[in-house]
Protein chains: 2
Amino acid sequence: MTTRRDHLVETALKLFYMNGFNATGIDRILAESGVAKMTLYKHFRSKDELILAALELRDQRFRTWLEAEIEQATDDPEARLLALFDALETWFRGEAFKELGFSGCAFINAASEFADQSHPAHQLSAEHKQRVVDYLERLCRDAGLSDPVGMAEQLALLKEGAIATAHVRNHPDAARRARQMAQTLIAAARST
Amino acid sequence: MTTRRDHLVETALKLFYMNGFNATGIDRILAESGVAKMTLYKHFRSKDELILAALELRDQRFRTWLEAEIEQATDDPEARLLALFDALETWFRGEAFKELGFSGCAFINAASEFADQSHPAHQLSAEHKQRVVDYLERLCRDAGLSDPVGMAEQLALLKEGAIATAHVRNHPDAARRARQMAQTLIAAARST
DNA sequence: AATAAAACAGACAGGTCTGTATAAATGTCA
DNA sequence: TGACATTTATACAGACCTGTCTGTTTTATT
């Protein structure tokens, strides 16, 4: 029965994502979740460990959501590459994770706050990004593209650019622009 | 003679950029700069104001550097669009702002820590991004592209994607990939 | 050299932070 | 019901934070 621990991580993720890691105190997480402080420190050795648990939850949740969104959009392998950007747009508009809204990418945010490359949270963020690239590579392979690795990296780069643009400048339509660019790039890759 | 104030803002920018805004205490900035606390509060009403001053300095410095880098690279208007990504690569490799190294984009970082869109630091970040887009639009116009506004937005999106990728995943070669993508997209735009 | 402005050092207040200690309350399961 | 583990409430330590206050020293101007 880890329901107490889970509830804690859930609340932590929400507050960390919406207000930042350093700016969110433990007391706030405890108050919001209704969990006692000693319970937190029974499950986690430190706040840092809680942060890591929250990011791991986010990684799992986000990738599950993204893959489902893409795969239920269409069966056509090439159309799935574009469906990525449709998914992004619903995310940017706050329709994906209703209780969280959209505050950029939790992992870009983590890498910002924990700038040191060797920090566990930064490393975990890099791993998350890599996992997404790996998934995109699979999609590119399914679409029969000649350079699935390269195209996956291209799509990932467009995705990161769209996220940053949507967040910093509050331009959710960056997803549509990225989609258009992806279309052009895929067409160019196909004709080689 | 604002040399004392300038030195303070300079030190603040360095520490904020390398270690984050919330994680950097005022005492550290004072110790590193050798400025007394009362001097800080004579020039700024609060830490937030110091943060804004540091970001304004960064905006000015970064854009000056970027424009110089592009304009001294070549006189060919179209080649300048690609020179953007060469500049990014030297930045990612830590050769641009020697004393700062590379810790991502200060404005993406600021938007991460101050997630609220109405926060002055977030707004200033959005303005910085917009100014860069405006500059790129000028370059696109000089290159005689048919849709300078749209292409500037595309290049900016590639730039943001490259920055995020270079920082989070520690992939400075993202600049080169973005350059390649830009080339393809420009070619596609020219042939319409 | 005299006067005014600026920067200095350092203590301090009041608050917040993480993490620990203690003891009461709650729930679980035999 | 009784034994046991988990969670709770609350107080606390020690560190750090921002911002203020006081008084001294340095710097600039005339």
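Letters A, B, ... mirror the listed sequences (proteins, then strands); counts begin at 1. No experiment lies behind these values; they were computed from the predicted model shown.
- As rounded to whole Å, 18 Å separates atom C1' of C/dA5 from atom CZ of B/R5.
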Apply side chain to side chain contact (heavy atoms under 4.5 Å, CB included) to B/R61 and B/L100, showing your working.
CA-CA 12 Å; B/R61 279 257 235 288; B/L100 295 180; over 6 Å; no
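- Distance OH (A/Y41) to P (C/dT22): 18 Å, rounded to an integer number of Å.
- Here the C1' atom of nucleotide D/dC16 and the CD1 atom of B/I29 are 14 Å apart, to the nearest Å.
- Residue B/T39 is the one, among A/D48 and B/T39, whose nearest nucleotide of DNA chain C lies closer to the 5' end (criterion: closest heavy atom).
- The separation between A/D27 atom CG and D/dT10 atom P is 14 Å, rounded to whole Å.
- For B/K42 and D/dC21, the NZ to P distance is 12 Å, given to the nearest whole Å.
- Pairing each heavy atom of B/G104 with each of B/Y17, the nearest pair is O-OH, 2.6 Å.
- Geometrically, B/R58 engages B/F97 in a cation-pi contact defined by less than 6.0 Å to the ring centre and at most 45° from the axis.
- A/K37 comes within 4.0 angstrom of a base, heavy atoms only.
- Evaluation of atom-type donor-acceptor distances gives no pair under 3.5 Å for the side chain of B/K47 against the base of D/dG19.
- For A/N22 and A/M38, each mapped to the nucleotide of DNA chain C holding its nearest heavy atom, the one lying further toward the 5' end belongs to A/N22.
- Between B/K47 and B/T24, the shortest heavy-atom distance links the atoms NZ-O, 2.9 Å.
- Taking side-chain N and O atoms only, B/H43 has a distance below 4.0 Å to OP1 or OP2 of C/dA7.
- Between B/L88 and B/W91, the closest side-chain pair of non-hydrogen atoms falls below 4.5 Å.
- Within 4.0 Å of B/H7, counting heavy atoms only, lies no atom of the nucleic acid at all.
- Comparing B/I26 and A/A36 by the nucleotide of DNA chain D whose heavy atom lies nearest to each, the residue mapping closer to the 5' end is A/A36.
- The interatomic distance linking B/L40 (CG) with C/dA6 (P) rounds to 16 Å, in whole Å.
- Distance B/R28 CZ to D/dA15 P: 19 Å, rounded to the nearest Å.
- Distance B/E49 CD to D/dT18 P: 15 Å, rounded to the nearest Å.
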